[in-house]
Undergrad: 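Take a look at this one; I'll ask things after.
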Amino acid sequence: MRVAVVMGSTSDLVKLVDMIDFLKKYDIQVDVRALSAHRAHDALASFIEDTKTNGTEVIIAAAGKAAHLPGVIAAMTTSPVIGVPIKGSALDGMDALLSIVQMPAGIPVATVAIDGSMNAGILAMQMMAIKHDNLKAALIDYKTAMTNSCLAANEKLMEEYK
Ligand code: RP5
């Protein structure tokens, strides 16, 4: 179980650390890189080339502003690419969201919400769970815990307003 997390700049890392820790908790190998598509394109291409043979199953790509990184990566591989638009500009992340989600036909990038990296991690796990039964079981537990906490909050609310 191996995921690559590529960000456009180390300034994006703060928005991704919780997701990276979450994936590691499930014994997923996470290769973390800051490789800009416009400042380090050769190194990016070389890293993506390596993912084709080293067991990487999903690539998560995060970028802000004119966020071409996820689309450029998707152009270089047949692995699924999940894009995370990072908020960090005068346009509050809308620029990154549209840059990532509006990919022309043929090169899809599965796009999550602005700064929504946790959903990118969960989606990556769900993709890998097609093959790995242990991840499927872990995701069922995760969703059950979420349901239980939601129902407990509802019970508390009903108690307060009865
Ligand atoms: C994007 O530009 C990066 O993904 C980052 O979100 C933004 C700013 O980058 P830095 O100027 O902090 O390197 O390429």
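For the single chain, residues carry numbers from 1 onward in sequence order. From a predicted model like this one, the values you see are computed outputs, not experimental measurements.
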Undergrad: Of all the heavy-atom pairs spanning Leu69 and Val6, show the shortest one and how long it is.
TA: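 Smallest heavy-atom distance, with atoms named: CD2-O, 3.9 Å.
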Undergrad: Give a yes or no on whether Val58 and Val109 share a hydrophobic cluster (residues Ile, Leu, Val, Met, Phe, Trp, Tyr; joining criterion: side-chain heavy atoms under 4.5 Å apart).
TA: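 Looking at the clustering, Val109 is in a separate group from Val58.
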Undergrad: Of the non-hydrogen atoms in Ile60 and Ala124, which two are nearest, and what is the gap between them?
TA: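 Looking at all heavy atoms of both residues, the shortest contact is CD1-CB, 4.0 Å.
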Undergrad: Can you get from Leu123 to Val101 by hopping between Ile, Leu, Val, Met, Phe, Trp and Tyr side chains that sit under 4.5 Å apart?
TA: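 Result: no, two separate clusters.
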Undergrad: Could you see if Val84 belongs to whatever hydrophobic cluster contains Val14? Use Ile, Leu, Val, Met, Phe, Trp, Tyr and a side-chain cutoff under 4.5 Å.
TA: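 No; tracing contacts between hydrophobic side chains, which count when under 4.5 Å, never links both residues.
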Undergrad: Can you check whether Ile140's main-chain N or O pairs, donor with acceptor, with Thr144's side chain at less than 3.5 Å?
TA: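 Yes; at least one donor-acceptor contact below 3.5 Å.
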Undergrad: What's the separation between atom CG in Leu97 and atom CG in Asp92, rounded to the nearest 0.5 Å?
TA: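 Between atom CG of Leu97 and atom CG of Asp92 there are 12.0 Å.
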Undergrad: Are the side chain of Ser117 and the backbone N or O of Lys15 linked by a donor-acceptor pair below 3.5 Å?
TA: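 Yes, because the side chain of Ser117 sits within donor-acceptor range (under 3.5 Å) of the backbone of Lys15.
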Undergrad: Is there a side-chain contact between Ser36 and Leu44 in this structure, where contact means two heavy atoms from C-beta onward sitting under 4.5 Å apart?
TA: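 SC-SC contact between Ser36 and Leu44 ruled out.
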Undergrad: Decide yes or no on side-chain contact (heavy atoms from CB on, under 4.5 Å) for Met7 and Arg33, but give the supporting numbers first.
TA: CA-CA 6 Å; Met7 63 203 84; Arg33 297 288 186 281; over 6 Å; no
Undergrad: Might you point out which heavy atoms bring Ala67 and Ile100 nearest each other, and give the distance in Å?
TA: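 For Ala67 versus Ile100, the nearest heavy atoms are O-CG1, 3.5 Å.
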Undergrad: Please answer whether the main-chain N or O of Gly116 pairs with a side-chain N or O of Asn119 as donor and acceptor at a distance below 3.5 Å.
TA: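 Side chain of Asn119 to backbone of Gly116, a donor-acceptor pair under 3.5 Å: no, none is there.
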Undergrad: Quick one, Val3 and Met128 - any side-chain contact, counting heavy atoms below 4.5 Å?
TA: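 Touching, per the 4.5 Å side-chain cut-off.
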Undergrad: Take atom NZ in Lys52; do more than 12 heavy atoms of anything else shown fall under 6.0 Å from it?
TA: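 More than 12 heavy atoms, drawn from other residues, nucleotides or ligands, come within 6.0 Å of this atom.
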Undergrad: Can you list the residues that meet the ring-ring contact (aromatic ring centres under 6.0 Å, His included) rule with His132, with sequence neighbours excluded?
TA: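 In terms of ring-ring contact (aromatic ring centres under 6.0 Å, His included), with neighbours along the sequence ignored, His132 is linked to no residue.
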Undergrad: Begin with the C-alpha distance, continue with both residues' side-chain angles, and end with the deciding distance and a verdict on salt bridge (charged side-chain N to carboxylate O under 4.0 Å, His left out) for Lys87 and Asp115.
TA: CA-CA 6 Å; Lys87 177 176 171 175; Asp115 288 348; 5.8 Å; no
Undergrad: Transitively linked via ILVMFWY side-chain contacts under 4.5 Å: Val17 with Met19?
TA: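 Yes; tracing contacts between hydrophobic side chains, which count when under 4.5 Å, links both residues.
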Undergrad: If I take atom CD1 from residue Ile48 and atom CD1 from residue Ile73, how far apart are they, to the nearest 0.5 angstrom?
TA: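 Ile48 atom CD1 to Ile73 atom CD1 measures 4.0 Å (nearest 0.5 Å).
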Undergrad: Shortest non-hydrogen contact from Val81 to Pro70?
TA: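 In this case the closest contact between Val81 and Pro70 is CG1-O, 3.7 Å.
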Undergrad: Say whether, by atom type as modelled, one donor and one acceptor occur between the side chain of Asp12 and the main chain of Gly8 under 3.5 angstrom.
TA: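 Yes, the answer is positive, given that a donor and an acceptor are paired below the 3.5 Å cut-off.
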Undergrad: If you define the side chain from C-beta out and look only at heavy atoms, does anything of Phe22 sit under 4.5 Å from Met125?
TA: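 The answer is yes, as the side chains (C-beta and beyond) meet within the 4.5 Å cut-off.
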Undergrad: Measure the CE-CD1 distance between Met118 and Ile20 for me, rounded to the nearest 0.5 Å.
TA: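 So the gap between those two atoms works out to 10.0 Å.
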Undergrad: To the nearest 0.5 angstrom, please state how far the CG atom of Leu139 sits from the CE atom of Met146.
TA: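 Atom-to-atom, Leu139:CG and Met146:CE are 9.5 Å apart.
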Undergrad: Is it true that Ile28 and Leu13 fall in one hydrophobic cluster, defined by side-chain heavy atoms closer than 4.5 Å?
TA: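 Yes, it is one cluster - the side chains of Ile28 and Leu13 are joined through contacts under 4.5 Å.
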Undergrad: Do Val72 and His38 make a side-chain contact, defined as non-hydrogen atoms from C-beta onward lying under 4.5 Å apart?
TA: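 Answer no - side chains too far apart.
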Undergrad: Can you tell me how far the OH atom of Tyr26 sits from the CG atom of Asp141, to the nearest 0.5 Å?
TA: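 It comes to 8.0 Å.
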Undergrad: Going by the side chain to side chain contact (heavy atoms under 4.5 Å, CB included) test, name the single residue among Ile59, Val30, Asp31, Ile82 that passes it with Val5.
TA: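 Exactly one option meets the side chain to side chain contact (heavy atoms under 4.5 Å, CB included) with Val5, and it is Val30.
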Undergrad: Provide the closest heavy-atom pair for Ser99 versus Ala66 in the form atom of the first, atom of the second, distance.
TA: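 Reported closest heavy-atom pair: OG-CA, 3.9 Å.
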Undergrad: Which heavy atom of Pro80 sits nearest a heavy atom of Met127, and at what distance?
TA: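 Heavy atoms of Pro80 and Met127 come nearest at CB-SD, 3.8 Å.
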Undergrad: Would you say the side chain of Leu157 lies within less than 4.5 Å of the side chain of Tyr161, judging by non-hydrogen atoms?
TA: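 A side-chain contact under 4.5 Å exists here.
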Undergrad: From Glu57 CD over to Leu135 CG, what is the distance, rounded to the nearest 0.5 angstrom?
TA: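 One finds 8.0 Å between CD of Glu57 and CG of Leu135.
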